[in-house]
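Heads up: the structure comes next, in C-alpha cells.
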Amino acid sequence: MSAQAQMRALLDQLMGTARDGDETRQRVKFTDDRVCKSHLLDCCPHDILAGTRMDLGDCTKIHDLALRADYEIASKERDLFFELDAVDHLESFIAECDRRTELAKKRLAETQEEISAEVSAKAEKVHELNEEIGKLLAKAEQLGAEGNVDEAQKILMEMEKVKSRKREAEEEYRNSMPASSFQQQKLRVCEVCSAYLGLHDNDRRLADHFGGKLHLGFILIREKLEMLRRTVAEKQEKRNQDRIKRREERERDDHVSRRSESKSKDRRRSRSKERRRRRSRSSSRDKRRSRSRSKDRHRRHRSRSGSRSKSHHRSSRDRGSKHK
C-alpha cells in the first residue's frame, strides 16, 4: 500500500465516510446488511488471518474502515447489538476449525502406529513441554524486539528449565518403546489452529509456530469470541434489568393512577351525596313551608268564615226584633 493510500485509510478510520463530503460512499451505511459486522468490531477472521497459510481471501461482505469509524461514533450514543451478529459469525468459524481439528486427529489415529495408553501419555507430556518451550521462546523474541532485554533474558532462563524437563520426558518416552518406533515422527494436532506439530520438532520450529501469525491469529479470534460473549451477556442482562425497571415504573404509575382515580370517584360520590342531602333538606324545608302556608290559609279561611257566620246571625236577630 502506498503512503497516500495509507494516509487515506487512516483518515477513513478516524473520521468516517463523511470526511470529505463524498456522497457516493455514504450510500452504504454501516447498518446495511451487506456490511460485515465482525469487521466493524475488528474481529473478522478474513482480516486477522490475512497473509497466513490459512488466508481466507476477501470477505463476502463489505469491509470499510470509514464505516467502522461511523459505527464507533454511533455506538457511543446507543446500543446497536452488532455483537450478536459477530458472535454468530465467529462461533460458526471456530466450530468449523474445531471440526477440522477432530478430523485431523482421527486421520492421525488411523495412520500412525498404535501405542499403549502409558506410552501415549508420555508422548503427550513431551508435546506439552514442546508447546511451553515454543511459547516462551516466541515471547522472549517479542520482548527482545521491543527492547525489553532484561525481561527477555528472564524468559530464556525459564525456557532452559523447561527444556531440561523436556529432555527427561523424552528419555522416559524413548525407554518405553522400541528404538525403531521412537525414530518415527509422532505428530500431534494443535488444538488452537489445527496445525500439525512433531514430537521431535526443534525449538526454532516450535517458536515459529507458537509465535507465528496463524497461531496468534486463532488465539486472538478465540479471545475476541469470549469477549463478545461476555459483552452480549452483560448487555442482555442490562436490557432485562431495564425492561423490569420500566415494567415496575408502569405498574407503580398505574397504581398511583388507580388510587388517584379512586380518590376522584370518592370525591365525586361525596359531592353527589352532599348535593342529594342538600336537595333533601331543601325539599323538606319547602314542604314545611308549604304545610305552614296551608295551615295559615286554613286558619284565615276559618277565621273569615266564623266572622261571616256571626255577622249573619246578628243580622237575622235584628230583623226578627223589628218584626215584633
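Position 1 is the first residue of the sequence; numbering continues from there.
Under a 4.0 Å N-O distance rule, the pair Asp55/Lys213 does not qualify as a salt bridge. Using a 4.0 Å cut-off between charged side-chain N and carboxylate O, Lys125 and Glu172 make no salt bridge. Of the charged side-chain nitrogens involved, at least one lies within less than 4.0 Å of a carboxylate oxygen, so that Lys163 and Asp203 count as a salt-bridged pair. Classification of Glu249 and Arg246 as a salt-bridged pair fails, no side-chain N sitting under 4.0 Å from a carboxylate O. In this structure, Glu248 does not pair ionically with Lys245, as no charged nitrogen and carboxylate oxygen lie closer than 4.0 Å. Salt-bridge formation is not detected for the pair Lys154/Asp150: no Lys NZ or Arg NE/NH1/NH2 atom is positioned less than 4.0 Å from an Asp or Glu carboxylate oxygen. Salt-bridge annotation for Glu83 and Arg229: absent, with no side-chain N of the basic residue lying under 4.0 Å from a carboxylate O of the acidic one. Taking a cutoff of 4.0 Å between a charged side-chain nitrogen and a carboxylate oxygen, Glu102 and Lys105 qualify as a salt bridge.
Note that the CE atom of Met54 and the SG atom of Cys193 stand 8.0 Å from one another [nearest 0.5 Å].
The closest side-chain heavy-atom distance from Phe93 to Leu49 is below 4.5 Å. Inter-residue side-chain proximity for Glu131 and Arg188 is flagged as met; some heavy-atom pair is nearer than 4.5 Å. The side-chain heavy atoms of Leu136 and Phe210, taken from C-beta on, include no pair separated by under 4.5 Å. The closest side-chain heavy-atom distance from Phe81 to Arg239 is below 4.5 Å. Two residues are said to be in side-chain contact when any heavy atoms from C-beta on lie closer than 4.5 Å; His89 and Pro45 meet this criterion. When side chains are defined from C-beta on, Leu197 does not count as touching Asn130, because their heavy atoms never get closer than 4.5 Å. The side-chain heavy atoms of Gln236 and Leu84, taken from C-beta on, include a pair separated by under 4.5 Å. For the pair Glu234/Lys238, no side-chain contact is recorded, criterion being any heavy-atom separation below 4.5 Å from C-beta on.
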Query - Stepwise salt bridge (charged side-chain N to carboxylate O under 4.0 Å, His left out) check, Arg99 with Glu96 - result: CA-CA 5 Å; Arg99 187 186 67 81; Glu96 177 61 22; 2.5 Å; yes
Report task. Go through Arg204 and Glu141 one step at a time and tell me if the salt bridge (charged side-chain N to carboxylate O under 4.0 Å, His left out) criterion holds. Result -> CA-CA 11 Å; Arg204 180 72 268 154; Glu141 290 178 347; 2.6 Å; yes
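With hydrogens and angles disregarded, no donor-acceptor distance shorter than 3.5 Å links the side chain of Ser164 to the backbone of Glu160. In this structure a side-chain-to-backbone donor-acceptor pair under 3.5 Å is present from Lys224 to Asp42. Remark: the backbone N or O of Lys29 is not paired with any side-chain donor or acceptor of Asp32 at under 3.5 angstrom. Lys235 places no side-chain N or O within donor-acceptor distance of the main-chain N or O of Ala233, the cut-off being under 3.5 Å. A distance-only check finds a donor-acceptor pair linking the side chain of Arg222 to the backbone of Val192 [under 3.5 Å]. Remark: side-chain polar atoms of His39 are paired, donor with acceptor, to backbone N or O of Asp64 under 3.5 angstrom. Formation of a donor-acceptor pair under 3.5 Å by the Ser92 side chain with backbone atoms of Asp88 is not found in this model.
Side-chain contact of Asp58 with His46: a donor-acceptor pair under 3.5 Å is absent, judged by distance alone. Asn240 and Arg243 form a side-chain donor-acceptor contact under 3.5 Å, judged by distance and modelled atom types alone.
The cluster map of Ile, Leu, Val, Met, Phe, Trp and Tyr, joined by side-chain heavy atoms under 4.5 Å apart, puts Leu41 and Met227 in different clusters. Tyr196 and Leu129 fall into different hydrophobic clusters, where Ile, Leu, Val, Met, Phe, Trp and Tyr are joined by side-chain heavy atoms under 4.5 Å apart, directly or via other members. Under the 4.5 Å side-chain heavy-atom criterion for grouping Ile, Leu, Val, Met, Phe, Trp and Tyr, Leu90 is connected to Leu56 within one hydrophobic cluster. Criterion: ILVMFWY side-chain heavy atoms under 4.5 Å apart, direct or through other members. Under it, Leu206 and Leu137 are not part of a common hydrophobic cluster. In the hydrophobic cluster analysis, where Ile, Leu, Val, Met, Phe, Trp and Tyr join through side-chain heavy atoms closer than 4.5 angstrom, Leu80 is grouped together with Val28.
For Ala138, there are no side-chain contact (heavy atoms from CB on, under 4.5 Å) partners at least two apart in sequence or on another chain. In terms of the salt bridge (charged side-chain N to carboxylate O under 4.0 Å, His left out) criterion, Glu223 has no residue partners (sequence neighbours excluded).
Residue Lys166 places its NZ atom among more than 12 non-hydrogen atoms of other residues, nucleotides or ligands, all under 6.0 Å distant.
In this structure, Cys44 and Cys59 approach most closely via the heavy-atom pair SG-SG, 4.2 Å. Across all their heavy atoms, Cys43 and Leu228 have their closest contact at SG-CD1, 3.9 Å. Taking each heavy atom of Lys37 and Val35 in turn, the nearest pair found is NZ-O, 3.1 Å.
Under the 30°/60° scheme for interplanar angles, the aromatic rings of Phe82 and Phe30 are found to stand perpendicular.
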